[in-house]
Amino acid sequence: MPRAPSIADDPRLFDLITGSFRRLLGRDLTDGAADATWLYHQAPFVVLAHDGGADPRFIYANEMAQACFEYATDELIGLPSRLSAEAPERAERQRLLDRVSRDGFIADYSGIRIAKSGRRFRIENAIVWQLIDENGTRHGQAATFSEWHDIMP
């Protein structure tokens, strides 16, 4: 029996993430030579995605995202994405997600997030977009960013 692809090499998940980005933003998330393995292991930017449930859970986090948030793959996948923000920041995060649901994407998000250790950091110039397949079905949302800095206590 063939094994199911992991998030690191799942071509359907890669196509959903990158295809949604291309359809909504009119440009590529990766260069044309990149594949699922490159995005997961080598991308010099964070990529996260969560499902479309009532309490969305992470379905994808590349290695850069895992390092940024200080979680291993098996800890982050399935984690409610609301836990990436502290309780006081969650209302602001929900406004962001509502805006993305309404508009399809935003390309200028900045906000405070929290790592597993409790380290707080501010992400800058994030792009957040709807995960919409080629048939128009919504599957959740994704985000990418390459700028962040720690917030000192």
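Residue indices begin at 1 and follow the sequence shown.
The hydrophobic cluster analysis finds Met152 isolated: no Ile, Leu, Val, Met, Phe, Trp or Tyr side chain comes under 4.5 Å of it, directly or through other members. As a member of the Ile/Leu/Val/Met/Phe/Trp/Tyr network built from side-chain separations under 4.5 Å, Ile151 groups with Ile112.
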Phe14 vs Leu39, test: side-chain contact (heavy atoms from CB on, under 4.5 Å). Steps then yes/no. CA-CA 8 Å; Phe14 175 78; Leu39 185 64; 3.9 Å; yes

Which is it for Phe69 and Arg113 under the side-chain contact (heavy atoms from CB on, under 4.5 Å) test, yes or no, and what are the steps along the way? CA-CA 8 Å; Phe69 285 90; Arg113 293 293 176 266; 3.9 Å; yes

Between Ser101 and Arg138, is the side-chain contact (heavy atoms from CB on, under 4.5 Å) condition met? List the steps. CA-CA 10 Å; Ser101 290; Arg138 293 180 182 212; 4.2 Å; yes

Go through the steps to decide whether Ile17 and Leu131 satisfy the test side-chain contact (heavy atoms from CB on, under 4.5 Å), and finish with yes or no. CA-CA 6 Å; Ile17 291 169; Leu131 291 174; 4.0 Å; yes

Yes or no on salt bridge (charged side-chain N to carboxylate O under 4.0 Å, His left out) for Arg23 and Asp28, after CA distance, side-chain angles and deciding distance? CA-CA 9 Å; Arg23 284 187 290 280; Asp28 288 329; over 6 Å; no

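Closest approach of Cys68 to Ala115, counting heavy atoms only: O-CB, 4.0 Å. Between His41 and Ala8, the shortest heavy-atom distance links the atoms NE2-CB, 4.0 Å.
Classification of the Phe145-Phe121 ring pair by plane angle, with boundaries at 30° and 60°, yields tilted.
With hydrogens and angles disregarded, a donor-acceptor distance shorter than 3.5 Å links the side chain of Asp10 to the backbone of Arg12. Between the side chain of Asp103 and the backbone N or O of Val100 there is no donor-acceptor pair closer than 3.5 Å. The main-chain N or O of Gly19 is never found under 3.5 Å from a side-chain atom of Asp15 such that the two would form a donor-acceptor pair. Side-chain atoms of Gln141 never come within 3.5 Å of backbone atoms of Val128 as a donor-acceptor pair (strictly under, hydrogens ignored).
There is a path of hydrophobic side-chain contacts, each under 4.5 Å, that joins Phe21 to Tyr40. Under the 4.5 Å side-chain heavy-atom criterion for Ile, Leu, Val, Met, Phe, Trp and Tyr, Leu83 and Val46 are members of the same hydrophobic cluster. Note on Phe105: it does not cluster hydrophobically with Leu97, by side-chain heavy-atom contacts below 4.5 Å among ILVMFWY residues. No path of Ile, Leu, Val, Met, Phe, Trp and Tyr side chains, each step under 4.5 Å between heavy atoms, connects Leu48 with Trp129, placing them in separate hydrophobic clusters. Clustering ILVMFWY residues whenever any of their side-chain heavy atoms sit less than 4.5 angstrom apart, transitively, puts Trp148 in the very cluster that holds Phe58.
Ala67 is linked by a side chain to side chain contact (heavy atoms under 4.5 Å, CB included) to nothing, counting only residues two or more places apart in sequence or in another chain. With sequence neighbours excluded, the residues that form a side chain to side chain donor-acceptor pair (under 3.5 Å) with Asp55 are Arg82. Scored by the side chain to side chain contact (heavy atoms under 4.5 Å, CB included) test, Asp35 finds Thr37, Trp38 as partners (sequence neighbours excluded). Legend: residues meeting side chain to side chain donor-acceptor pair (under 3.5 Å) with Tyr71, ordered by chain and number and at least two apart, are absent.
A heavy-atom distance below 4.5 Å is found between the side chains of Leu13 and Ile59. Considering only heavy atoms from C-beta on, Arg120 comes within 4.5 Å of Glu86 through its side chain. No side-chain heavy atom of Gln42 sits under 4.5 Å from any side-chain heavy atom of Glu63. Between Ile127 and Ile106 there is no side-chain heavy-atom pair separated by less than 4.5 Å. By the 4.5 Å heavy-atom criterion applied to side chains, Tyr60 and Val47 are counted as neighbours. Looking at heavy atoms from C-beta onward, Glu147 lies out of side-chain contact with Arg122 at the 4.5 angstrom threshold. Side chains of Arg57 and His50 form no contact here, defined as non-hydrogen atoms less than 4.5 Å apart. Side-chain contact check for Leu29 versus Phe45: some heavy-atom pair is nearer than 4.5 Å.
Using a 4.0 Å cut-off between a side-chain N of Lys or Arg and a carboxylate O of Asp or Glu, Arg119 and Asp150 qualify as a salt bridge.
Between the side chains of His139 and Asp51, no donor-acceptor pair of N or O atoms lies under 3.5 Å. Under 3.5 Å, the side chains of Asn62 and Gln66 contain no donor-acceptor pair of N or O atoms. Using modelled atom types, one finds no donor on one side chain facing an acceptor on the other under 3.5 Å when comparing Ser20 with Gln130.
In this structure, OG on Ser110 lies 5.5 Å from CG on Asn125, to the nearest 0.5 angstrom.
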